Amino acid sequence: MIEIQRIKERTEEVLAGIGKRNIDATKEIAQIIALDSEWRQKKTQLQQLETEMNSISKQIGVLFSTGKQDEAKALKAKTAVLKESLQEHKQSAEQLENQINDLLFSLPNVCTEDVPKGKDEASNEIVEAFGSSPSLEDSRDAHWDLAKEYELIDFELGVKVTGAGFPFYRGQGARLQRALVSFFLDEAADAGYEEFVSPLMVNENSGKGTGQLPDKEGQMYYIEADNLYMIPTAEVPLTNIYRDVLLPDPNFSIKLTGHTPCFRREAGSYGKDVRGLNRLHQFEKVEIVRIENQENAARALGEMISHVKSLLEKLGLQYRILRLCGGDTGFAAAITYDFEVYSAAQKKWLEVSSVSRFDTFQSNRLKLRYKDENKKSRLCQTLNGSALALPRIMAALLENNQLKDGINIPSCLHKYTGFKKISKSS
RNA sequence: GGAGAAUUGGCAGAGUGGUCGAUUGCGGUAGUCUUGAAAACUAUUGUACCGAGAGGUACCGGGGGUUCGAAUCCCUCAUUCUCCGCCA
């Protein structure tokens with residue numbers, strides 16, 4: 001959530017940043033500021049009462065220990081009124097605090113200056129494009145047809161065993177999947193990211209820490225018996241490693257990566273958008289996460305973008321980078337860049353990565369801080385990005401590299417697949 | 001899954017109803033001594049919040065309760081350890 005100090009001190013900036021999402025938060029912000037000053041008043045009064053109470057209690061203690069029972073009893077009688085008023089103050093301070101928190105939780109992050117204003121994806125900006133569409137013959141097939149033809153992915157089997165959106169990968173398809181994961185992890189390691197194998201379920205506090213809860217509760221699979229959530233992305237366990245952490249030194253740059261399945265309930269889609277690998281309930285992803293100080297966050301974002309670019313270029317995929325407009329930017333992000341690859345057979349762009357800077361929005365919830373040069377606690381900056389999400393990469397690779405008698409594997413993957421071409425007979 | 005024990009500051013470890021935010025040791029920081037270092041000695045050393053400041057408040061695994069007063073008593077949840085059972 002947004003730091004309340006920022007709301008009070010830089011109100012205009014906050015309003016403008018949220019305004020980019022086509023949301024007018026004037027009322028909420030004014031309410032927060034008003035409630036906050038009310039809360040401060042109550043808090044001060046409450047603490048005064050507590051001081052008084054503490055001192056009386058101490059006196060009673062002294063009186064008892066010096067044998068002055070009667071005086072102690074007299075003093076005790078006085079506390080009843082005080083106690084009542086103390087309770088009242090405590091309750092109303094708490095109530096105010098809850099109201100403020102509810103409001104703060106409901107506000108999305110402040111978009112940075114370079115985020116374009118806009119309501120939906122139509123206002124996203126294309127900032128860069130790379131590569132060109134492969135020239136395929138007329139017989140170009142969509143990946144779901146290729147998957148069947150070469151026995152790479154079995155969607156029906158997934159339906160039988162689990163349900164729609166849970167495919168089986170098999171044979172060369174499974175191998176290609178594993179090759180991609182290894183390739184992505186090795187590239188991340190080369191770029192200095194420490195690899196983690198994380199839990200695939202998280203508790204409620206973790207969900208809150210990265211902002212999936214309470215707003216996106218319905219999008220996660222929930223294990224009721226144990227009060228656990230299936231992770232929608234490795235971002236959740238990886239970032240939550242640093243929940244409630246105070247880093248002692250301002251010179252740090254934390255780079256984490258992990259490969260996990262991601263589970264998403266994603267109700268309400270239909271048609272060819274969800275066909276094949278385009279949208280799944282379970283898919284694999286390699287995520288990169290960074291925790292930085294105030295000064296380094298902007299540079300880290302640039303490095304992450306370069307990293308994702310280099311992956312796509314090594315895979316030889318045509319891609320473009322979008323700077324999302326406010327309305328399309330996720331609740332917790334301050335700025336997001338989406339990467340899309342071109343799927344030649346479907347003739348459409350598929351989102352394969354989303355790289356975001358969260359400013360202090362997550363770290364505020366996470367209580368993730370560091371000591372700066374003056375030994376003052378400051379909130380860290382968190383960033384994350386997909387590097388990369390597997391299914392749509394796989395879809396694009398299959399479609400774009402298809403030949404009459406097989407599918408070419410990009411050379412960077414050869415050492416992982418053990419074959420250079422997907423063919424029927426093998 | 002069953003039985004028992006435990007959870008205190010960076011770490012170790014006291015504290016069982018009242019000047020306890022918490023004895024002490026180690027570690028950290030600063031200083032004295034030293035050509036330098038070590039040792040020794042001295043001081044200092046948690047986090048968050050309220051307050052213009054002085055200062056105050058909260059926090060002893062989490063939450064709730066009893067009490068004028070709780071690290072200390074009660075309830076509850078979580079975690080760790082030991083033993084038993086089961087198991088990749």
Side-chain angles (χ1 to χ4, degrees), chain A residues 1-9 32-101 103-105 197-209 213-214 222-229 237 240-252 261 360 362-380:
Chain A
M1 53 193 177
I2 309 170
E3 293 165 78
I4 189 153
Q5 213 178 341
R6 185 172 175 198
I7 291 179
K8 289 194 296 186
E9 288 171 6
I32 287 170
I33 293 173
L35 285 170
D36 180 70
S37 91
E38 202 181 326
W39 172 78
R40 267 158 213 280
Q41 233 171 25
K42 269 281 184 265
K43 183 81 176 177
T44 307
Q45 287 169 4
L46 171 66
Q47 291 188 349
Q48 277 164 2
L49 289 172
E50 281 172 335
T51 309
E52 206 176 323
M53 196 64 155
N54 284 345
S55 117
I56 292 177
S57 293
K58 243 172 215 176
Q59 284 174 46
I60 292 175
V62 172
L63 288 173
F64 266 123
S65 63
T66 52
K68 296 172 182 165
Q69 308 281 339
D70 293 343
E71 287 180 53
K73 273 181 189 154
L75 212 49
K76 224 164 149 172
K78 271 175 62 182
T79 59
V81 182
L82 196 58
K83 202 175 179 182
E84 202 175 315
S85 147
L86 204 128
Q87 285 299 337
E88 274 171 36
H89 277 78
K90 207 173 192 168
Q91 268 175 23
S92 55
E94 208 169 295
Q95 207 179 11
L96 286 165
E97 211 174 334
N98 287 339
Q99 282 177 39
I100 294 167
N101 271 332
L103 282 165
L104 284 175
F105 261 93
V197 176
S198 81
L200 305 181
M201 300 182 201
V202 293
N203 58 30
E204 202 177 328
N205 278 338
S206 295
K208 282 183 181 158
L213 294 174
Y222 175 56
I223 316 289
E224 194 171 5
D226 298 288
N227 195 24
L228 294 172
Y229 296 85
N240 271 285
I241 292 172
Y242 285 88
R243 173 154 47 83
D244 291 319
V245 167
L246 176 55
L247 299 164
D249 193 276
N251 304 310
F252 63 89
T360 56
Q362 285 186 328
S363 59
N364 195 19
R365 290 192 181 191
L366 290 161
K367 290 201 176 62
L368 164 53
R369 296 158 300 161
Y370 68 96
K371 291 276 195 194
D372 69 9
E373 287 77 2
N374 307 313
K375 298 281 171 208
K376 246 190 82 180
S377 295
R378 301 183 70 182
L379 291 171
C380 296

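In the text below, chain A, chain B and the rest are named by the order of the sequence lines, each starting its count at 1. In this text the structure is predicted, and so the values were computed from the model without any measurement.
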Asker: Would you kindly give the CD-to-P distance between Gln69(A) and rG69(B), to the nearest whole Å?
Answerer: 18 Å
Asker: In whole angstrom, what separates Lys68(A)'s NZ from rG18(B)'s C1'?
Answerer: 16 Å
Asker: Round to the nearest Å and state the distance from Arg243(A) atom CZ to rG62(B) atom C1'.
Answerer: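 In whole Å, rG62(B) C1' and Arg243(A) CZ are 12 Å from each other.
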Asker: OP1 or OP2 of rG69(B) less than 4.0 angstrom from a side-chain nitrogen or oxygen of Thr79(A), does that happen here?
Answerer: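 Indeed not, no polar side-chain atom of Thr79(A) lies that close.
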Asker: Tell me the partner of rG61(B), counting only Watson-Crick (N1-N3 plus N6-O4 or O6-N4) or G-U wobble (N1-O2 and O6-N3) with both under 3.5 Å; none if nothing fits.
Answerer: rC77(B)
Asker: In terms of heavy-atom contacts, does CG of Asn227(A) have more than 12 from other residues, nucleotides or ligands at under 6.0 Å?
Answerer: yes
Asker: Between atom NZ of Lys367(A) and atom SG of Cys380(A), what is the distance when rounded to the nearest 0.5 Å?
Answerer: 14.0 Å
Asker: What is the separation between atom CG on Leu86(A) and atom C1' on rG69(B), rounded to the nearest whole Å?
Answerer: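 To the nearest whole Å, that distance equals 13 Å.
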Asker: So what does Ile60(A) touch, heavy atoms closer than 4.0 Å: a base, only the sugar-phosphate, or nothing?
Answerer: base
Asker: rG18(B) P sits how many Å from Leu75(A) CG, rounded?
Answerer: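 So the two atoms are 18 Å apart, to the nearest Å.
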Asker: Out of rU19(B), rA48(B), rG56(B), which has the shortest distance to the side chain of Arg369(A)?
Answerer: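 Of the options given, the side chain of Arg369(A) lies nearest rA48(B).
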Asker: Need the pair for rC68(B). Rule: Watson-Crick or G-U wobble, both distances under 3.5 Å, any strand; none if unpaired.
Answerer: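 With both distances under 3.5 Å, rC68(B) matches rG18(B).
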Asker: Suppose we define a pair by two distances each less than 3.5 Å, Watson-Crick or G-U wobble; what does rU29(B) pair with here?
Answerer: rA43(B)
Asker: Using atom P in both nucleotides, what's the gap between rG63(B) and rA71(B) to the nearest angstrom?
Answerer: 13 Å
Asker: Compare side-chain N and O positions of Lys83(A) against OP1 and OP2 of rG69(B) and report whether any pair is under 4.0 Å apart.
Answerer: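 Answer is yes, contact under 4.0 Å.
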Asker: Taking the C1' atom in each of rA40(B) and rG4(B), what is the distance between them to the nearest angstrom?
Answerer: 47 Å
Asker: Which value, in whole Å, describes the distance between the P atoms of nucleotides rC49(B) and rG36(B)?
Answerer: 43 Å
Asker: Taking the P atom of each, how far is rU42(B) from rA6(B), in whole Å?
Answerer: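 Comparing P positions in rU42(B) and rA6(B) gives a spacing of 37 Å.
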Asker: Walk me through it: do Asn240(A) and Val202(A) pass the test side chain to side chain contact (heavy atoms under 4.5 Å, CB included)?
Answerer: CA-CA 9 Å; Asn240(A) 271 285; Val202(A) 293; over 6 Å; no
Asker: Exactly one of Leu247(A), Asp372(A), Leu246(A) should register a side chain to side chain contact (heavy atoms under 4.5 Å, CB included) with Ser377(A). Which one does?
Answerer: Leu246(A)
Asker: May I ask you to check whether over 12 heavy atoms, not counting those of Glu84(A), lie within 6.0 Å of atom CD?
Answerer: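 No, because the 6.0 Å sphere around CD of Glu84(A) holds 12 heavy atoms or fewer from other groups.
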Asker: Looking at rC49(B), rC68(B), rG51(B), which one has an atom nearest to any side-chain atom of Arg40(A)?
Answerer: rG51(B)
Asker: So among Lys43(A), Arg40(A), Lys42(A), Gln91(A), which one has a side chain to side chain contact (heavy atoms under 4.5 Å, CB included) with Leu96(A)?
Answerer: Lys42(A)
Asker: Determine which nucleotide pairs with rU35(B), using a 3.5 Å limit on both distances of a Watson-Crick or G-U wobble pair.
Answerer: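 Its partner: none found.
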Asker: Among rU47(B), rG56(B), rC68(B), which is the nearest nucleotide to the side chain of Thr51(A)?
Answerer: rG56(B)
Asker: Below the 4.0 Å mark, does rU47(B) have OP1 or OP2 next to a side-chain nitrogen or oxygen of Lys371(A)?
Answerer: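 Yes, such a contact exists.
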Asker: Mark yes when over 12 heavy atoms from residues, nucleotides or ligands other than Lys68(A) sit less than 6.0 Å from its NZ; otherwise mark no.
Answerer: no
Asker: Between Lys43(A) and Val62(A), name the one whose nearest nucleotide on RNA chain B is closer to the 5' end.
Answerer: Val62(A)
Asker: Can you tell me which nucleotide in rG69(B), rC49(B), rG51(B) comes closest to the side chain of Trp39(A)?
Answerer: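 Per side-chain heavy atoms of Trp39(A), the pick is rC49(B).
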Asker: To the nearest angstrom, how far is Gln59(A) atom CD from rU67(B) atom P?
Answerer: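 Rounded to the whole Å, the gap is 21 Å.
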Asker: Please pick, from rU47(B), rG69(B), rU57(B), the nucleotide with the shortest atom-to-atom distance to any side-chain atom of Ser377(A).
Answerer: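 For the Ser377(A) side chain, the nearest candidate turns out to be rU47(B).
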Asker: Rounding to an integer number of angstrom, what distance separates rC59(B) and rU72(B) when you compare their C1' atoms?
Answerer: 16 Å
Asker: Report the distance from atom CG of Asn101(A) to atom C1' of rA48(B), rounded to the nearest whole Å.
Answerer: 14 Å
Asker: Now, which nucleotide makes the Watson-Crick or G-U wobble pair with rG1(B), with each of the two distances under 3.5 Å?
Answerer: rC84(B)
Asker: Using atom P in both nucleotides, what's the gap between rG61(B) and rG9(B) to the nearest angstrom?
Answerer: 8 Å
Asker: Find the distance Gln87(A):CD to rU66(B):C1' and express it as a whole number of Å.
Answerer: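 So the CD-C1' distance, Gln87(A) to rU66(B), works out to 13 Å.
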Asker: Using atom P of each nucleotide, how far apart are rG18(B) and rC74(B) to the nearest Å?
Answerer: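 Comparing P positions in rG18(B) and rC74(B) gives a spacing of 16 Å.
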Asker: Nearest nucleotide by nearest heavy atom, which residue falls closer to the 5' end of RNA chain B, Met53(A) or Leu246(A)?
Answerer: Leu246(A)
Asker: For nucleotides rG10(B) and rU23(B), find the distance between their P atoms and express it as a whole number of Å.
Answerer: 14 Å
Asker: For Lys76(A), which contact category applies under a 4.0 Å heavy-atom criterion: base, sugar-phosphate, or nothing?
Answerer: base
Asker: Quick one: is rC68(B) close enough that its OP1 or OP2 comes under 4.0 Å of any side-chain N or O from Asn54(A)?
Answerer: no
Asker: Would you say that Asn203(A) contacts Leu228(A) through its side chain, given a criterion of any heavy-atom pair below 4.5 Å between the two side chains?
Answerer: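 Yes, side chains in contact.
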Asker: If you check the Glu50(A) side chain, which of rU19(B), rG69(B), rA58(B) turns out closest?
Answerer: rA58(B)
